Number of protein chains: 4
Amino acid sequence: MTLNSRPARPVLLGQNQYGKAENRVVRITRDGATHHIKDLNVSVALSGDMDEVHYSGSNAHVLPTDTTKNTVYAFAKEHGIESAEQFGIHLARHFVTSQEPIRTARIRIEEYAWERIETSGADTDAGSRAPGADEARHSFVRQGRETRLTQVTYDGERWEVVSGLKDLVVMNSTNSEFWGYAKDKYTTLKEAYDRILATEVSARWRFGWSDDGQPMPDWEESYDQVREHMLQAFAETYSLSLQQTLYQMGARIIDNRGEIDEVRFSLPNKHHFLVDLEPFGLKNDTADGAVYFAADRPYGLIEATVLRDGCEPRIPVDLSNL
Amino acid sequence: MTLNSRPARPVLLGQNQYGKAENRVVRITRDGATHHIKDLNVSVALSGDMDEVHYSGSNAHVLPTDTTKNTVYAFAKEHGIESAEQFGIHLARHFVTSQEPIRTARIRIEEYAWERIETSGADTDAGSRAPGADEARHSFVRQGRETRLTQVTYDGERWEVVSGLKDLVVMNSTNSEFWGYAKDKYTTLKEAYDRILATEVSARWRFGWSDDGQPMPDWEESYDQVREHMLQAFAETYSLSLQQTLYQMGARIIDNRGEIDEVRFSLPNKHHFLVDLEPFGLKNDTADGAVYFAADRPYGLIEATVLRDGCEPRIPVDLSNL
Amino acid sequence: MTLNSRPARPVLLGQNQYGKAENRVVRITRDGATHHIKDLNVSVALSGDMDEVHYSGSNAHVLPTDTTKNTVYAFAKEHGIESAEQFGIHLARHFVTSQEPIRTARIRIEEYAWERIETSGADTDAGSRAPGADEARHSFVRQGRETRLTQVTYDGERWEVVSGLKDLVVMNSTNSEFWGYAKDKYTTLKEAYDRILATEVSARWRFGWSDDGQPMPDWEESYDQVREHMLQAFAETYSLSLQQTLYQMGARIIDNRGEIDEVRFSLPNKHHFLVDLEPFGLKNDTADGAVYFAADRPYGLIEATVLRDGCEPRIPVDLSNL
Amino acid sequence: MTLNSRPARPVLLGQNQYGKAENRVVRITRDGATHHIKDLNVSVALSGDMDEVHYSGSNAHVLPTDTTKNTVYAFAKEHGIESAEQFGIHLARHFVTSQEPIRTARIRIEEYAWERIETSGADTDAGSRAPGADEARHSFVRQGRETRLTQVTYDGERWEVVSGLKDLVVMNSTNSEFWGYAKDKYTTLKEAYDRILATEVSARWRFGWSDDGQPMPDWEESYDQVREHMLQAFAETYSLSLQQTLYQMGARIIDNRGEIDEVRFSLPNKHHFLVDLEPFGLKNDTADGAVYFAADRPYGLIEATVLRDGCEPRIPVDLSNL
């Protein structure tokens, strides 16, 4: 909370931040005829000595959001985009160290993945020019599966990097049960001994790295490994509740990735209900050929933090607004 | 953070919550031939003594999310829906007081507004039956402007009620300037002395009410008044920055509504750029008939808390994930 | 279908069109201190002698989509925006008459409505400048209810104007029944004698006007009247099926608005199911206080054309892709 | 158009259809421990002798949309889901042949693809039960790339099958130019000799198969092949215009897949603009390390039909509503 020095103001200004959100930046690097894409959505949030712009409208301390946008594009050119995390670190450091009134910078980045298109290697018809076996070196299809995320925060001394992903939809078509739960007068649910377990993973994980003096993690390697551990834990856990699966996913990350101290999940239970086909003389149990209704709303929503013993939880609990 | 009693577990469980999200409930009350609608989207999040379900999958402490859904519908019938806030209070109290392992309940509600359709009062043709002047008493059109929000949290002793709205798009077509800002080598923005100021308001306000012993605010009256003050402050502020307008909106609420202690805003600056028509021999300044390009991304994003002197800020700062 | 003059081409080009879609244009007109907004989303589609650009990539006949965008903004300045329809007519005429290879222009426009913010007329605090009773003359809130639509097509001789709306959500909380339907072995639905009827109206209506020699309709007046007739017909029809309501809505328009020859509706049946509360000892019939579950998917989808006797149907049947 | 037998009705009913849209059906087949998913969104539209339900509300000819929903689920159980097309054929035939008033059935299906999760094959910790090397046999991640589509229409005699896809985002980071276009007074665009070409493919292709007497295509094989040809044509075409690329994509399909007679594309030109970094002393041409702004709106929109010589175009031209 910012304290207001003027006497007798009954309404105070609390935490505040500002910046340009959703700067869509694509950078193409060329390795001979082979191209590489980085495709980011970068949001900048700055805070510091900003009382006056709120109280009187004086912009003397305000670097325009338009300037923060320009900086994103100029830095992409000048420094390249080694990883989303590294790019966020460059930006955050710049804002905090170059503008005196700015004390803290938070950079949030979404990253979209692309795969190469496999080509035939054959010549094409007369309507096109000079294609060859190397065609796919500059041709891509957007993967569309999950969105990679990172948030880098810097206050001039300490770094906090929280990476993650969203929109990753996964399903186990068996090895999930749900029974032995508490019951009250509003309980009608029947116990299930073989159900579909499906969710759309939203996860954030916080790195222990916080200081320029420490060696920096390999951000790209870390992302790939965390994602794989998470998926494998989902797949390999025989689940008695989505909470149990969530904990296994987090524990697998903490156990295997020393650079991660804390993980937060928001897991909607994407219900798949066995359809009652008895009125039509059809048996629809979970044996071969089961038919499910994939429901939209309402859905169970399971959220939790999993963290390394001795570490403080710092990821905000509300990844969802619902 | 929940402590794990087992020895030597290196991975701990932190904050966790679960429940059924997005229960869409509509209730129609009949006042003779005149009907009234309450149209809500209710999300339940419960927390408490939930270690075991995460560690071992034992559901003994878990009231199923399906049961929380049933409770929403049953309570809508039994207790009615006086207001979103009052309905949330009923639900939160029930979960915390009826299930021993549940220590805290958080109920989030979206409310959609409906208006009556004005009818002609005339008889219609032979295809319909018995219409009359009272027809519109049961006919509605969804307003679609903003979505009303509330969040009720109860831990068995204290209440916290945070209400709000989202999706409210407003515009001042003049009386907005932006100049005198900090400049660095990446600054190219030109100063503006007459610009459009438009935003999509996302706001949350926290009530001082926290105890069953205190008189409860009139939730419906409060919402209408807060919304009106906020809109008027937006309209009546001659703006030198969106931050200044934001503060005025918050201060107007705090000044006028004693039941509110804190307001948090997330205000995207929905840029409307004057189109450069000089290449076509057309002058396009802000005088009569100005033509603007309404941009999507990127956008400025201004967020701040405004609070009553002496009160602690408690609304989380991240209303947006960008 | 365009015929290809080259010998022996086995793959032909059929109908094709191109242009710039979703040009977001806002125009502010000033009537002294009172401002007025027009807020449009304009999409241009041009077709004509375009074989070569498809077969060989020669752009000689192609006016760039960027130019069509510039034209939208320049015309907004030069000609103003009297109505969406009139603006579309200006644009379509321009493209067809100014570029020889372009034979047909189709302009689609979405229009967003704004209402004035009511202000207090009172002075505000020291943080703002010189407000007065006239403040609201330039302050607006976006209505958000329905989106107004128009499509203007011109081939150099004939005009076709199809206007409409989408996203208009309406509900009758009673005066709807559904019974006496066909049954087969898969029918389990129970007959209903008092149900909620709710839909999200998507409608298009075609004007008889097609020739510059004919007097042009008053587009703004027409829209307001069509919308009102449609809403009143919805409200006043005692409904035995959504099809019957749809027909009444269309017939009311055709009967009352001589300028309209044809109406097409796509009406999802937004199901509101009475919740079964018997397991909890609660009776939940349609009397006072009924509680409904508002379902998302699946939904009934009712689509039909209603047209003036003697007119040909020309509105495409597929307003939805589902 | 349906003729109305009653005398003197001035308002006629035209084309109409009804059914249940967006039935979300998931079917799991078990091949020992290895599971397979089919994940569909099925929409049913029926038409026929339906005048009375519109004119008087009599539902005697109306099979409820609820019944069509039940039929989708029952057929998924009874007949399985060999492919989306085959499932649509089963359903369409059923409705047309079993209900006398129903003359035509149109089934639209979206299909979502899933991939297997690769697992470690290792045992997991004590929180889970009996995992093994075969774990991934029932664990899936939703692919998320494109959505597969089909539409099956049957009138009791002829079949029309139009399959396709949407949401497939592709990019060539070079080998695209745009120059030599028509210019008028509103043209400001500079010619481009090396640009990014990116689009989100929406495509529909119509099969020649139309009769139960003809051998049916292999729908799964056809989809995979069409998709691959389309992607390769996109990748291998040196593009002078998006229209040229579109034509090559269609021609490649027609040339290689004898079962397809017609293809329709709707291709938004997802603009990637080189950012002007000269104000910051940075050169940003298309050489190594170019930085682009990925724009949202407006966008070019290129749509065309490509068809086999001698075939009639039957796919509706409007895949987009913009």
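The structure presented is a predicted model; accordingly, all values stated were derived computationally and were not measured. Numbered from 1 within each chain, the chains take letters A, B, ... in sequence-line order.
When the candidates D:Thr71, D:Leu246, D:Asn269, D:Leu301 are compared by the number of heavy-atom contacts under 4.5 Å with chain C, D:Leu301 comes out ahead. Chosen from C:Ser266, C:Pro64, C:Ser241, C:Pro268, the residue pairing most often with chain D at heavy-atom distances under 4.5 Å is C:Pro64. Of the listed residues (C:Arg108, C:Glu22, C:Lys20), the greatest number of heavy-atom pairs within a distance under 4.5 Å of chain D belongs to C:Glu22. Note: C:Arg264 leads C:Arg106, C:Arg264, C:Glu110 in heavy-atom pairs under 4.5 Å with chain D. Among C:Phe265, C:Tyr18, C:Tyr186, the residue making the largest number of heavy-atom pairs under 4.5 Å with chain D is C:Tyr186. For the options C:Arg308, C:Glu303, C:Lys185, heavy-atom pairs under 4.5 Å to chain D are most numerous at C:Glu303. Most heavy-atom pairs under 4.5 Å with chain D, from the set C:Val306, C:Thr65, C:Val53, C:Asp66: that is C:Val53. Looking only at heavy-atom pairs under 4.5 Å with chain C, the residue among D:His271, D:His61, D:Gln17 that has the most is D:Gln17. Here D:Asp184 is the residue among D:Asp184, D:Leu319, D:Asn23 with the most heavy-atom pairs under 4.5 Å with chain C. Chain C forms more heavy-atom pairs under 4.5 Å with one residue of D:Thr188, D:Val72, D:Thr68, D:Val44 than with any other, namely D:Thr188.
Contact of the C:Gln248 side chain with the C:Glu236 side chain is not registered, since no non-hydrogen atoms from C-beta on lie closer than 4.5 Å. Two residues are said to be in side-chain contact when any heavy atoms from C-beta on lie closer than 4.5 Å; D:Ile107 and D:Val42 meet this criterion. Using a 4.5 Å heavy-atom threshold, the side chains of D:Thr150 and D:Arg148 count as separate. Using a 4.5 Å cut-off on side-chain heavy atoms (C-beta onward), D:Val263 and D:Ile254 make contact.
No part of C:Leu149 comes within reach of chain D, as not one of its non-hydrogen atoms sits under 4.5 angstrom from that chain. Contacts of D:Glu262 with chain C are absent, with no heavy-atom separation under 4.5 Å from either backbone or side chain. Heavy atoms closer than 4.5 Å to chain D are found in the side chain of C:Ser43, but not in its backbone. Only the side chain of C:Asn41 has a heavy atom closer than 4.5 Å to any heavy atom of chain D. If you measure heavy-atom distances from C:Gln151 to chain D, you find no contacts under 4.5 Å at all. In this structure, the portions of D:Thr67 lying under 4.5 Å from any heavy atom of chain C include both its backbone and its side chain. Heavy atoms closer than 4.5 Å to chain D are found in the side chain of C:Lys69, but not in its backbone.
Inspection of the C:Ser239 and C:Thr245 side chains reveals an N or O donor paired with an N or O acceptor under 3.5 Å.
The shortest heavy-atom contact between D:Ala304 and C:Leu13 is CB-CD1, 4.1 Å. The nearest pair of heavy atoms linking C:Thr147 to C:Tyr112 is CG2-CE2, 3.8 Å.
Taking D:His229 as the reference, nothing meets the ring-ring contact (aromatic ring centres under 6.0 Å, His included) condition, with sequence neighbours excluded. With sequence neighbours excluded, the residues satisfying ring-ring contact (aromatic ring centres under 6.0 Å, His included) with D:Tyr181 are D:Phe178.
Aromatic ring orientation, C:His90 versus C:His79: parallel (interplanar angle below 30°, classes split at 30° and 60°).
Salt-bridge formation is detected for the pair C:Glu191/C:Lys183: a Lys NZ or Arg NE/NH1/NH2 atom is positioned less than 4.0 Å from an Asp or Glu carboxylate oxygen.
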